[in-house]
Structure formats: C-alpha cells, structure tokens
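The structure under discussion appears below in the form of structure tokens.
The figures that follow rest on heavy atoms only: side chains count, while hydrogens, waters and symmetry mates do not. Chain letters run A, B, ... following the sequence lines, proteins first, then strands; residues in each count from 1.
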Protein chains: 2
Amino acid sequence: MLNPTESLATAPMLSGSERLWATSVVRDLAFLLARANALSLAQANAAAATHGLKVRSYTVLAIAVSDTRPTQRELAEFLRLDPSQIVALVDELESRALVRREPDPSDRRANVVVATDEGRATYASAHATVADSERAIFAALSAEERTTLMEMLRRLAGAPDALSA
Amino acid sequence: MLNPTESLATAPMLSGSERLWATSVVRDLAFLLARANALSLAQANAAAATHGLKVRSYTVLAIAVSDTRPTQRELAEFLRLDPSQIVALVDELESRALVRREPDPSDRRANVVVATDEGRATYASAHATVADSERAIFAALSAEERTTLMEMLRRLAGAPDALSA
DNA sequence: TCCACTTTATTGAGATTGTCAATAGTTACT
DNA sequence: AGTAACTATTGACAATCTCAATAAAGTGGA
C-alpha cells in the first residue's frame with residue numbers, strides 16, 4: 001500500500017496539482033472541453049502573436065480572406081461576439097491595412113469586410129505558423145481520431161447539416 | 001427558382017450568418033473547439049446562475065467537495081488561473097459559507113480549501129441542474145460518441161496517463 | 001406618402017476577467 | 001545563520017464582456 005501522496009518509481013514527478021485529476025470534474029465533458037480549449041487557445045495565440053495577431057483578429061482575417069464578403073453583423077453572429085467588438089476588431093485590422101470596409105450594395109446600412117492584398121499575404125504566413133502550432137497539440141490524436149473529433153465538434157458547435165453538403 | 005435569401009419549407013431558415021460555415025476556419029479543430037466550448041460554457045453558466053454560481057465558482061466548489069483538500073496554488077495550477085484569481089474566487093465562496101480556508105498542516109504558508117456542509121448541499125443541487133443542462137448540449141452525440149470524445153479531450157487536456165488508473 | 005418599428009454600425013459606460021509586480025510570512029538549502 | 005524560492009494576498013492596469021443610446025437606413029402597414 002502506498003501513501004496517497006506517494007507513488008511508484010515510474011510516476012512522472014507529480015507537479016503538485018496532478019492529484020486533482022482524481023476529482024469528479026474531470027469526468028465532466030464541459031470541463032474537459034474548456035481545458036482542452038484553453039490549451040489550444042494559448043498555443044494559437046502565441047503562434048498568431050508572431051505575426052502581430054490574436055486568434056480573434058486572425059479568425060476575422062481568415063474569414064475576410066475567404067471572399068465571403070460578410071457584413072459586420074454576420075461576423076458578430078457567427079463568432080458569437082457583440083457587434084461593438086467587431087467594430088474594434090475591424091478597426092484594428094483596417095488601421096493595419098489588412099482589411100477594408102466596403103459598402104454593402106444591397107443594404108446601405110451595412111459594411112462588408114474584405115481582405116487587402118497585404119491582408120492575404122500576412123494571413124498566408126500567419127496561417128502556416130498557426131496551423132503548425134496546432135499540429136503540435138492535436139498530435140495527441142491519430143489522423144482518424146482527429147477526423148472523428150472534427151465531426152463531433154461540428155455537431156456540438158451547431159454547424160448546419162454536417163452530413164449533406 | 002428561389003431568391004437566394006429564400007429557402008424551401010424544410011430548410012432551417014438560414015439565420016443570416018449560416019453561409020459563413022463555408023469558410024475555411026470551420027475546418028480548423030481549434031476553431032470548432034472554441035465554438036463548442038463557448039456554447040457549452042454559456043449553457044453551464046446559465047444553469048449555475050440559478051444557484052448563484054458561475055462555472056468558475058461551481059468548479060472550485062466541486063473540487064472542494066471532493067475532499068482532495070487542495071491548496072490555492074494547486075487550484076491555480078489545475079484550473080490554469082492566476083493565484084490572485086483564486087483568492088477572489090475562494091473569498092466569494094467563503095463569504096457565502098460554502099467553503100472554508102484551513103491551514104495546511106504540512107506547510108504553514110498554504111491554505112487548504114474545504115467545503116462546508118452548506119457548500120455540499122448547494123453543490124448537490126447545482127450539480128443536478130448543471131449536469132442536466134449539459135445533457136441537453138451533448139445530446140447531439142450518442143453515448144459511445146460521448147465516451148470517445150471524453151477520452152480524446154482528456155488527452156488534449158493533458159490528463160496524466162488516461163490509460164492506466 | 002407618412003408613420004411607426006426594426007435593423008446596422010458605432011460610441012461609450014461599467015462590470016468582469018486577465019496579467020503582472022510587490023510584499024509578508026514561511027520553507028528549503030547550504 | 002543566511003540566501004533563495006514559494007504561498008497567499010493586494011493593488012494596478014489592460015483586455016474583454018455586456019448593455020444602453022444613437023444616427024442612418026430599411027420595412028411594412030394605414
């Protein structure tokens with residue numbers, strides 16, 4: 001029998017809070033989701049920071065680059081952010097000439113957000129860095145597992161009909 | 001022929017930003033993880049709020065109830081929060097008599113956080129509510145899928161040796 | 001057409017959260 | 001004994017969230 005705080009020789013040097021993994025919260029999907037996301041987010045933020053971006057601005061830039069020509073309201077709804085936060089995000093990207101506001105031809109109240117050539121260029125290099133850093137984290141899963149995870153997360157994230165399309 | 005903004009009877013009434021799901025970001029595991037987490041978090045916060053808690057305080061309470069007797073430093077490390085945030089969290093729970101700070105017998109610098117009887121009671125009822133609301137979200141997955149997801153998230157979340165134990 | 005109502009982007013206030021440095025008391029090392 | 005490292009705490013400051021208010025533009029009747 002071992003003392004609860006002791007462990008065998010093969011034990012990975014319990015860094016102090018490891019023992020809290022015995023708690024009931026770690027059997028909570030929402031908790032694990034939050035924790036996995038926190039790690040992934042920290043990693044992605046560090047990667048994006050090497051290009052002067054955060055995941056937020058990186059994501060907006062990615063959508064702008066996609067030529068979907070979203071309005072700010074659509075961005076707010078899709079990213080689940082307050083419209084006023086989109087204003088700040090687009091302001092910053094526009095001040096760096098990575099993105100441009102264009103009038104929506106079908107609604108003069110709305111702006112449409114499009115990437116500049118410079119925006120496309122910095123997105124390309126930022127994407128390389130970010131995708132690389134994510135590979136590191138998701139390397140804990142096999143290729144098939146990643147596919148399965150993506151399919152599950154799409155459903156949890158409320159993606160429209162993941163089956164069709 | 002339908003107007004692009006119109007749709008068939010079976011179509012889920014595209015709420016405006018649905019078309020952004022055609023973007024490349026939705027093929028990004030980190031993005032989907034963040035979005036799924038945002039939804040789950042909002043739901044859990046609403047559920048916990050009916051008991052005067054947030055997910056943060058709910059989680060700390062859950063760990064306190066587990067009789068693991070964590071120090072504040074262990075809580076900070078495990079929850080990836082700054083130690084000063086743990087102070088605020090424990091202050092609040094302690095002011096509501098749900099939790100108590102006890103001196104760590106093995107280190108007089110450290111406090112150990114334990115639940116009071118009242119803390120156990122409110123945790124029990126809060127847990128019922130929160131677990132219920134989570135069931136609603138994760139109902140998008142089958143039981144086996146949830147097991148698979150949990151195993152994957154544990155690895156991504158950095159759980160120690162998910163295989164043994 | 002005129003009028004009330006809604007919607008889009010924007011600004012700004014106030015609360016919440018994240019991050020960091022400094023400190024008092026304690027422990028660990030030599 | 002003395003130096004260095006660690007724990008909890010406080011306080012400052014930045015970043016983020018959440019809301020309300022507003023101007024400009026669309027919507028849908030009477």
Polar atoms only, N or O, under 3.5 Å: list the protein pairs with nucleotides 12-15 of chain D and their distances.
none

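- Among pairs with a residue in residues 136-145 of chain A, those fulfilling side chain to side chain donor-acceptor pair (under 3.5 Å) read A/S142-A/E145, A/E145-B/R155, at least two apart in sequence or across chains.
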Could you list the protein-to-nucleotides 21-23 of chain D atom pairs, N/O on both sides, closer than 3.5 Å?
none

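- Pairing each heavy atom of A/I137 with each of B/L156, the nearest pair is O-CD2, 3.7 Å.
- Across the interface with DNA chain C, nearest-nucleotide mapping of A/D82 and A/A110 shows A/A110 to be the residue nearer the 5′ end.
- A distance of 7.0 Å separates OG1 of A/T71 from CG of A/D104, quoted to the nearest 0.5 Å.
- Separating the CG atom of A/N111 from the P atom of D/dA24 is a distance of 15 Å, rounded to the nearest angstrom.
- Look at CZ on B/R109: it is 6 Å from C1' on D/dT7, rounded to the nearest Å.
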Solution key, residues 83-91 of chain B side-chain donor-acceptor pairs under 3.5 Å, sequence neighbours excluded:
unit_1	atom_1	unit_2	atom_2	d
B/S84	OG	B/D82	OD1	2.5
B/Q85	OE1	B/D82	N	3.4
B/D91	OD1	B/R101	NH2	2.1

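- Contact detail for A/E77 and B/S17: the closest heavy-atom pair is OE2-OG, 3.3 Å.
- Nucleic acid contact for A/D104: none, since no nucleic acid atom lies under 4.0 Å from a heavy atom of the residue.
- Although no hydrogens or angles enter the test, the distance criterion places a donor-acceptor pair under 3.5 Å between the side chain of B/R35 and the main chain of A/A157.
- Between the side chain of B/T50 and the backbone N or O of B/A46, no donor-acceptor pair lies under 3.5 Å.
- Contact check for B/V55 versus B/V130: no side-chain heavy atoms found under the 4.5 Å cut-off.
- Heavy-atom distances under 4.0 Å link DNA chain D to A/Q85 of residues 85-96 of chain A, given in residue order.
- Distance from the side chain of B/R73 is smallest for D/dT7 among the nucleotides D/dA24, D/dT7, D/dT9.
- For the pair B/R19 and A/F78, the cation does not sit on the ring face, since its NZ or CZ is not both under 6.0 Å from the ring centre and inside 45° of the axis.
- Salt-bridge check for A/E102 with A/R69: passed, with a basic side-chain N closer than 4.0 Å to an acidic carboxylate O.
- Under the salt bridge (charged side-chain N to carboxylate O under 4.0 Å, His left out) criterion, the residue pairs touching residues 124-141 of chain A are A/D132-A/R135, with sequence neighbours excluded.
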Item to check | Full working for side-chain contact (heavy atoms from CB on, under 4.5 Å) between B/V113 and B/E74 | outcome: CA-CA 10 Å; B/V113 180; B/E74 287 175 319; over 6 Å; no
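- Near-neighbour residues of DNA chain D inside residues 33-45 of chain A, defined by a heavy atom below 4.0 Å, are absent.
- For DNA chain C, the outermost nucleotides in 5' to 3' order that have an atom under 4.0 Å from a heavy atom of chain B are C/dT16 to C/dT27.
- The line from CG of A/L98 to OH of A/Y123 is 13.5 Å long, rounded to the nearest 0.5 Å.
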Could you give the side-chain donor-acceptor pairs of residues 26-34 of chain A under 3.5 Å, partners two or more places apart or in another chain?
unit_1	atom_1	unit_2	atom_2	d
A/D28	OD1	A/A30	N	2.9

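- Residue pairs meeting the side chain to side chain donor-acceptor pair (under 3.5 Å) criterion with at least one partner in residues 51-60 of chain B, sequence neighbours excluded, are B/H51-B/S125, B/H51-B/T129, B/Y58-B/H127.
- Taking CD of A/E151 as the reference point, atom CG of B/L141 lies at 8.5 Å (rounded to 0.5 Å).
- Ranked by how close their nearest DNA chain D nucleotide is to the 5' end, A/R80 and A/D107 are led by A/R80.
- Looking only at side-chain heavy atoms (C-beta outward), A/L149 and B/L149 come within less than 4.5 Å of each other.
- Applying the side-chain contact (heavy atoms from CB on, under 4.5 Å) criterion to B/R108, with sequence neighbours excluded, gives no partner residue.
- Axis angle between the ends of the helix from C/dT1-D/dA30 to C/dT30-D/dA1, five pairs each and rounded to 10 degrees, works out to 30°.
- Taking atom CD of A/Q72 as the reference point, atom P of D/dA24 lies 17 Å away to the nearest angstrom.
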